[in-house]
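In what follows, chains are A, B, ... by sequence order, proteins preceding strands, each numbered from 1.
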Amino acid sequence: MATTTVRTIDAKAIRELFPFFTPHEEMRSLIYLDNGATTQKPRAVIERMVDFYSYHNANVHRGAYGVGAKASEMFENARERIAQFLNAKESAEIIITKGTTESINLVASTWGESLQPGDEIIISEMEHHANILPWMQLVERKGAKLIVWKITDEGKLDLQELQSLLTDKTRMVAVMHISNVLATVNPVKEICALAHKAGAKTLIDAAQSVAHMPVDVQDIDCDFFAFSGHKLYGPTGVGVLYGKREILETLPPYQRGGGMIKRVAWDQVSWAGIPSRLEAGTPPIAEVVGLHAALDFVDEIGRDKIEAYEWELTQYALERLQEIPGLKLYGPVDYRAGLLAFNVGDVHPHDIQTVLDTEDIAIRAGNHCAHPLGDRLGTPATARASLAVYNDEAHIDALIKGLHKVREVFQLD
Amino acid sequence: MATTTVRTIDAKAIRELFPFFTPHEEMRSLIYLDNGATTQKPRAVIERMVDFYSYHNANVHRGAYGVGAKASEMFENARERIAQFLNAKESAEIIITKGTTESINLVASTWGESLQPGDEIIISEMEHHANILPWMQLVERKGAKLIVWKITDEGKLDLQELQSLLTDKTRMVAVMHISNVLATVNPVKEICALAHKAGAKTLIDAAQSVAHMPVDVQDIDCDFFAFSGHKLYGPTGVGVLYGKREILETLPPYQRGGGMIKRVAWDQVSWAGIPSRLEAGTPPIAEVVGLHAALDFVDEIGRDKIEAYEWELTQYALERLQEIPGLKLYGPVDYRAGLLAFNVGDVHPHDIQTVLDTEDIAIRAGNHCAHPLGDRLGTPATARASLAVYNDEAHIDALIKGLHKVREVFQLD
Amino acid sequence: MIEQLYQQVILDHYRQPRGRGHLPDPKFMHDGANPLCGDEVVIEFQVDGEVITNIRFSGQGCSISQASASMMAEALTGKTMDEAREFIRQVYALLKGDVEPDLETMGDISALAGVRKFPVRIKCASLAWHVLEDALKGLQATAQSK
Amino acid sequence: MIEQLYQQVILDHYRQPRGRGHLPDPKFMHDGANPLCGDEVVIEFQVDGEVITNIRFSGQGCSISQASASMMAEALTGKTMDEAREFIRQVYALLKGDVEPDLETMGDISALAGVRKFPVRIKCASLAWHVLEDALKGLQATAQSK
Ligand SMILES: Cc1ncc(COP(=O)(O)O)c(C=O)c1O
Ligand SMILES: Cc1ncc(COP(=O)(O)O)c(C=O)c1O
């Protein structure tokens with residue numbers, strides 16, 4: 001079942017950069033198709049952290065010279081690198097968090113303080129809980145209103161529909177860049193333009209996009225942009241919130257503690273400037289340094305190339321999935337990211353997962369932290385295969401073979 | 001300047017377990033006396049994380065089998081291990097956070113919700129900003145009152161004084177276990193008993209204690225207990241909040257996102273039980289696994305032994321620091337933890353630090369995130385040498401030599 | 001190996017569940033979920049003296065969790081509460097591998113032994129039984145407090 | 001090496017600062033801090049036409065930051081604002097190593113070249129100069145907007 005596309009990426013060579021994919025005693029080798037949950041880590045990322053812990057470990061900032069200054073420098077260099085990766089104007093616009101979830105909670109808590117009763121927040125029907133629950137809490141606290149932007153039957157967001165939802169009360173439009181279930185790539189630039197015209201701010205949940213396509217926050221012109229390191233070939237325990245300087249500067253602190261103040265007295269506190277004001281306590285230092293290496297890894301391959309390659313692979317997968325009788329695929333098919341959520345007949349997704357697991361194929365099954373979308377699709381759970389740059393056609397072939405096995409075990413004939 | 005104490009610990013052998021202290025190209029070897037800021041990491045901790053990222057990396061929970069289940073198991077085993085380390089009743093009482101700062105912010109935000117106008121929170125005058133600012137914000141938000149428990153001239157907390165501050169309005173007594181400036185070891189068990197008698201809850205900021213002495217949360221009988229992994233020979237990006245089950249169960253969620261709900265619909269949300277309800281988003285998985293190894297490291301040596309050894313070493317340091325004319329030491333001298341904050345004549349602490357740095361000795365200089373304490377002591381900044389299990393008398397000797405050099409450079413004669 | 005997990009009886013109970021549905025006037029109702037995978041089981045039942053007269057279940061989840069609920073409804077209807085408690089203990093022992101499957105005493109339920117090789121699925125297989133066990137505990141506590 | 005950093009002139013300015021204190025009626029006041037180490041410098045000054053007539057500083061921090069403020073107060077008093085701006089540029093160049101220290105034109109300030117080997121101390125040495133530069137920028141902006 002050969003494809004005619006030109007192989008732009010040598011996935012096998014890339015796999016060799018990952019300990020997870022090199023033969024080892026501890027584990028049988030696995031076809032890893034759960035990249036939407038978390039990606040594997042290239043050796044370069046692991047080694048950068050080992051190097052940090054082994055030879056440069058010290059707490060950052062706050063009057064350290066020698067080794068401490070070097071650690072601070074590595075930390076701030078990583079911030080610079082993240083800014084450059086996103087094409088932010090300056091590194092002060094990069095806030096280090098522990099993940100996408102914290103990034104969005106931070107915005108809802110701090111920016112959200114200015115919300116007035118009756119104000120409106122628009123989120124889409126396809127959002128992950130991380131981009132639903134913080135806003136639900138905010139509107140409840142402020143007597144504001146949450147407006148749900150419904151998806152089309154195709155699983156997309158319709159800009160006309162957004163137009164009709166935007167009012168002079170809309171203060172924020174918060175949407176995901178790529179859906180972690182439908183794989184829809186949302187037109188975030190157009191969304192931001194419409195929102196801004198209506199006087200609203202915008203937040204992009206980029207958890208599923210940053211590792212898979214070029215992103216440019218100035219081009220998108222979003223006000224906030226959030227992602228996690230662990231879905232971007234980087235470590236757990238670290239995430240990023242980008243915000244435009246003029247907005248970040250107006251935000252009150254989020255968590256409070258060391259590093260985010262200028263001066264504390266019992267009767268008066270003055271805050272540090274950005275980004276420090278929004279980063280209380282010891283940051284995830286080694287993790288930020290590891291994330292730096294992850295960005296280098298991605299850019300060495302090239303995000304354009306990754307995007308093109310994963311689309312090729314996705315097309316191949318879409319084609320081959322049609323072979324499986326009774327398979328229902330969710331989300332658009334004209335264009336989409338490399339996530340494939342589906343069901344097979346009456347087989348429960350967990351059972352699909354278990355059968356595939358015995359074939360050494362790792363996929364995810366469940367609601368993917370998007371209950372409202374599940375309600376809309378009429379299925380509480382789906383099986384999801386999600387691709388990364390180290391996957392190739394052979395993995396899709398194995399998946400298809402595994403799904404035939406599922407049908408066999410479940411006697412679907 | 002030999003001591004007569006029996007060496008209970010072979011610090012040299014312990015240093016050999018740390019890449020940071022083994023000769024390497026990247027760095028000249030350093031006498032590291034900045035353990036109050038962060039400790040170095042034993043090879044076992046680094047390797048456990050490398051092993052996780054290399055062979056077991058997957059996201060935890062949420063319907064993964066195979067490699068994902070193994071990752072979840074490692075994660076939950078670590079939670080069990082932390083519970084055992086603290087002698088908590090059960091692992092559900094262990095909430096994973098990103099550090100002490102987040103742990104305390106979490107309590108102030110969630111437990112603090114129940115505060116009424118006029119209620120009182122007692123904190124001590126020696127607290128770190130992490131245990132000041134969240135309470136300041138809370139009392140402001142709730143119309144409650146922050147009561148400052150003054151320190152004695154010796155740098156201790158007087159229980160009589162606490163008695164006189166406790167009223168029927170006191171809802172919380174939040175104090176540090178060990179002061180990161182004065183090195184005072186506070187009588188937390190007695191503090192909790194007094195607070196409970198008055199009907200108040202208690203929080204112990206254990207950032208500076210967990211790595212240096214045995215701790216038992218049931219014996220202390222505190223309601224909350226907070227610490228960071230990175231000061232306990234563990235990774236950055238991870239911390240712990242212990243809370244008694246009956247209290248945790250009453251807390252609303254903190255951050256919101258995946259993993260902390262049972263069910264989300266547009267009109268209704270139901271929360272998961274503890275600990276999940278208080279842990280939104282992908283947790284710091286590899287970091288928790290690394291922390292597990294750090295606890296093993298500490299317990300293999302033995303916390304009783306570490307405490308005794310560091311006290312020996314501290315006594316030696318106290319004795320030798322008296323040799324330095326014009327040196328002013330802060331904090332008690334009858335008993336204290338292995339932190340030594342001081343000033344020398346009119347030399348600014350940063351200059352002390354710089355001179356010592358050129359002698360390959362790393363100490364910290366500054367306000368140590370405790371401005372109000374600095375105001376009380378009448379010094380905005382101090383130099384601080386802080387000990388860990390891998391330090392020995394030779395390091396103290398080098399420090400003393402370095403301080404003589406400081407006096408020489410600054411012509412203090 | 002995978003065929004040991006998904007034996008014919010399991011698929012049968014999954015596809016033709018016994019006791020799936022609701023009681024018109026449930027006397028007792030209890031629910032449980034496996035937060036790790038999202039399986040949900042709700043049990044309703046009635047009691048006549050010491051005897052459990054009627055068991056219905058609803059919910060959703062993998063074939064193991066739903067088939068297991070179906071098997072439970074079938075096996076425990078007509079048993080006294082004490083017998084049910086003992087039976088539940090036997091099922092746990094079976095799942096853990098402490099006793100061997102025995103078609104005579106356990107019937108279809110023997111097929112659940114297939115989960116032993118799939119440790120993470122043990123929670124799926126035991127879910128319904130945990131729910132009923134909890135419900136019976138609640139009943140006992142209420143009875144004793146009277 | 002350490003003696004290059006802490007030269008006699010630096011210690012002199014640290015212990016006997018010129019211009020430490022406050023003006024009775026400061027026309028211009030500006031402050032700055034080095035958040036990484038906590039050094040603080042506040043500058044007050046007066047202007048007569050184009051000429052900076054009086055400079056006072058206060059604050060606290062390491063010997064380098066405070067000595068540098070003292071040197072600045074001494075060096076820039078009596079200079080025109082344009083001259084001061086040019087001088088500040090020269091100091092930055094000196095600290096960065098772009099120009100060599102020259103006792104004749106720079107006087108005591110030449111001693112600040114010692115920080116070159118201590119990159120993290122450059123911020124200490126330049127703090128006071130940044131504060132004044134900012135203040136002058138503010139002045140210029142106000143003047144232009146009139
Ligand atoms: C006593 C005390 N509390 C809290 C903290 C804050 O810890 P972290 O920065 O890891 O959140 C520290 C360390 O800086 C500390 O010494
Ligand atoms: C679209 C989307 N948003 C947010 C998140 C949450 O990310 P994290 O768990 O790293 O905070 C995820 C991943 O689970 C996601 O897929």
- Message: side-chain contact (heavy atoms from CB on, under 4.5 Å) for Glu102(A) and Lys98(B)? Distances and angles first, verdict last.
- Response: CA-CA 11 Å; Glu102(A) 173 160 87; Lys98(B) 66 179 176 181; 2.6 Å; yes
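- Contact annotation for Asp375(B): only side-chain heavy atoms (C-beta onward) come within less than 4.5 Å of a heavy atom of chain A.
- Ranked by non-hydrogen atom pairs under 4.5 Å with chain A, the options Thr39(B), Thr101(B), Thr100(B) are led by Thr101(B).
- For Leu356(B), no part lies near chain A; criterion is any non-hydrogen pair under 4.5 Å.
- The candidate from Val288(A), Val148(A), Val50(A) with the greatest count of non-hydrogen atom pairs under 4.5 Å with chain B is Val148(A).
- For the options Val269(A), Leu106(A), Thr38(A), Asn57(A), heavy-atom pairs under 4.5 Å to chain B are most numerous at Asn57(A).
- Neither the backbone nor the side chain of Val238(B) comes within less than 4.5 Å of any heavy atom in chain A.
- In this structure, the portion of Ile123(B) lying under 4.5 Å from any heavy atom of chain A is its side chain and not its backbone.
- For a residue to count as touching a neighbouring chain, one of its non-hydrogen atoms must lie under 4.5 Å from one of that chain's; by this rule Ile285(B) touches chain A with backbone and side chain alike.
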- Message: Run the side-chain contact (heavy atoms from CB on, under 4.5 Å) test on Val67(B) and Phe20(A) for me, step by step, so that the C-alpha distance in whole Å, both residues' side-chain angles and the decisive distance to 0.1 Å come before the verdict.
- Response: CA-CA 11 Å; Val67(B) 64; Phe20(A) 193 86; 4.2 Å; yes
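- Between the side chain of Asn59(A) and the main chain of Ala37(B), a donor-acceptor pair closer than 3.5 Å is present.
- Interface remark: Ile261(B) contributes side-chain atoms only to the contact with chain A (heavy atom separation under 4.5 Å).
- Heavy-atom pairs under 4.5 Å with chain A peak, among Pro372(B), Pro235(B), Ser228(B), Gly99(B), at Pro372(B).
- A donor-acceptor contact shorter than 3.5 Å is absent between the side chain of Ser54(B) and the backbone of Pro19(A).
- Interface check for chain B: of the options Glu125(A), Lys231(A), Arg43(A), Glu47(A), the most heavy-atom pairs under 4.5 Å are formed by Glu125(A).
- Heavy-atom distances place both the backbone and the side chain of Val264(B) under 4.5 Å from chain A.
- Comparing Gln255(A), His129(A), Met49(A), Lys41(A) by heavy-atom pairs within less than 4.5 Å of chain B, the highest count is held by Gln255(A).
- For the set His368(B), Gln137(B), His230(B), the count of heavy-atom pairs under 4.5 angstrom toward chain A peaks at Gln137(B).
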